[in-house]
Every structure is written in structure tokens, then in C-alpha cells.
Amino acid sequence: MTIRQDEAIILRTRDYRESDRLITFFSRSQGQLTGIAKGARRSKKRFVHTLEPLSHVLITYADRSSSGLVRIDASELKNGFIELRNDVTRLGYASLSCEVVLEMSPERQANPTLFALLNHYLKELGGKGEPENSSFLFLVRMLSLSGYAPNLQKCLRCGRDSTSAQGWFFSISQGGLLCGNHRPGGKVYLLSLGTVMLLRQAQQLPLGKVWRLRFHRKSRDECRFLLLDLVRHHLEKDLKSLKLLYQIGALEVTNSSVNP
Ligand SMILES: [Zn+2]
């Protein structure tokens, strides 16, 4: 049995048996893990409310077999992101990011860069960051870190450079741009050159600087459903946390995709 202590962000909690809870967390050095917190339902004292979704904690756990559940022994709060919990829009976008990490990151696959991304993003959301703008930046980086970076350099068919035209189509199924001469069939997304360049910068800038990028109205309308649909396409399922964003009207803007 190995005892580890690691920074982690809590992604999901579920009640388990009479008095326990199952906690899924993303740790800095071991990636996504699920652990059992014995007695967490009966005694609030033991973990002092640290095992709540979104919380950034220092967690101590016992790993028996390098597979299956770990046993959570202790948890110390580093950042509870209180400011996210008091604002329903910020909470909606924060919950979306936790669900995306939960669904897209394989269990027990270390990804310290993804841990840093999620932690930076939650801080940004809890601070001055405009929620939707920050969520676009998070989703672009998340897709890249998961191996699904959209191809924004050139037309997938003819190789024409993306800086050479003002308007582009994006094909979700092909994962990249197509020029006006190679408009794809099925549902396509229109992207202006400005949006393409913003998305490219979002993929490339160092993590500490990426949050400065601003999506103005046109780029927002173009990206809103594109990024979510890319995630849903790779997961092959819908995201539960979108329901809250729809309920509060955060996603009630015209879809810029067009059908043939
Ligand atoms: Zn082309």
C-alpha cells in the first residue's frame, strides 16, 4: 500500500453505502482518481467540508493496487473558490469544466498541465475573468491537451493557409478548417479570420498569458456552439452541466452554424 499526498481538484462526489462518499478528483501527479471517503456522510468533522466539487485541496490517500478505488485519509482545503459558488453563471461554467475534465481525462493518467489549466481557469472564473470568454479559452486548451486540437492552420482539402481568406468553414467531423471552395456537407460552422486567429493564439500562448485574449461579440457567436459541439463530438454524448447554462440563459444565443 502506498500513501500519497498530492494537490487535487474535486470533480464529483456521490453518496456511497450508509455513511461513505465516493470522491472523484483530478490530482496533479496521478491524474483522475476515485476514492472512498469513509464516514464522510456521517461525520462532517473528519473532512471539514473540503470534499466538495470544485475545491482545490491537499489530499492524502492510500493506493492499494494501482487500480480501482483509493482510500481517502485526509483532505486540507487550499482554495474553496467561494466566489464561484455565489454566482450562478460562474458556477455553471465551473461545473462544465469539471464535467469536461471528468469525461475527457482517462483514469490514472498523469497530466500536470491539465491540472494547471483547470486550476488557473477556476481562479480566473472566480476573479475578474468574464465567464464565457474564459470558458472558450479553457475549452480550446482542453481539446489540445486531450489530443483533439482543432486544425486551424489551413484548409484540410487544399492546404490553403488560413490567413489567406476572411471567411472559413469548420467541419466538426473532419476536425478542422475548409475554405470556400471546399465547403463540407452536413452541419458546418462559419468562422471569420479574426476568430480563427484568436483560437490559434488560444492554443499557443503560455498558460499564464492566455486569459488576456478577448473574444468580442462576433467571435463569441461563432465559437459558442463550435467548441461545445467539438467536445460533445469527441465524447459521443451530451454534457449534463449544460442544462444549468441553458436554464440561466447563458447559451440562449443564435447558433451560428448553418445546415446545408
Ligand atoms: Zn480548400
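Counting convention: from 1, in listed order, for ligands and their atoms alike.
Asp63 has its side chain within reach of Arg4: a pair of non-hydrogen atoms, C-beta onward, lies under 4.5 Å apart.
Around the Zn ion (ligand 1), protein N, O or S atoms at a distance under 2.8 Å total 4; waters are neither shown nor counted.
Here the shortest heavy-atom pairing between Ser219 and Leu198 reads OG-CD1, 3.7 Å.
In summary, the side chains of Glu99 and Ser241 do present a donor paired with an acceptor at a separation below 3.5 Å, with no hydrogens or angles considered. Checked by atom type, the side-chain pair Arg200/Ser162 shows a donor-acceptor distance below 3.5 Å.
In this structure, the side chain to side chain contact (heavy atoms under 4.5 Å, CB included) partners of Glu130, at least two apart in sequence or on a different chain, are Glu132, Asn133, Arg220.
Taken from CG in Asn111 to OG in Ser27, the straight-line distance is 10.5 Å, to the nearest 0.5 Å.
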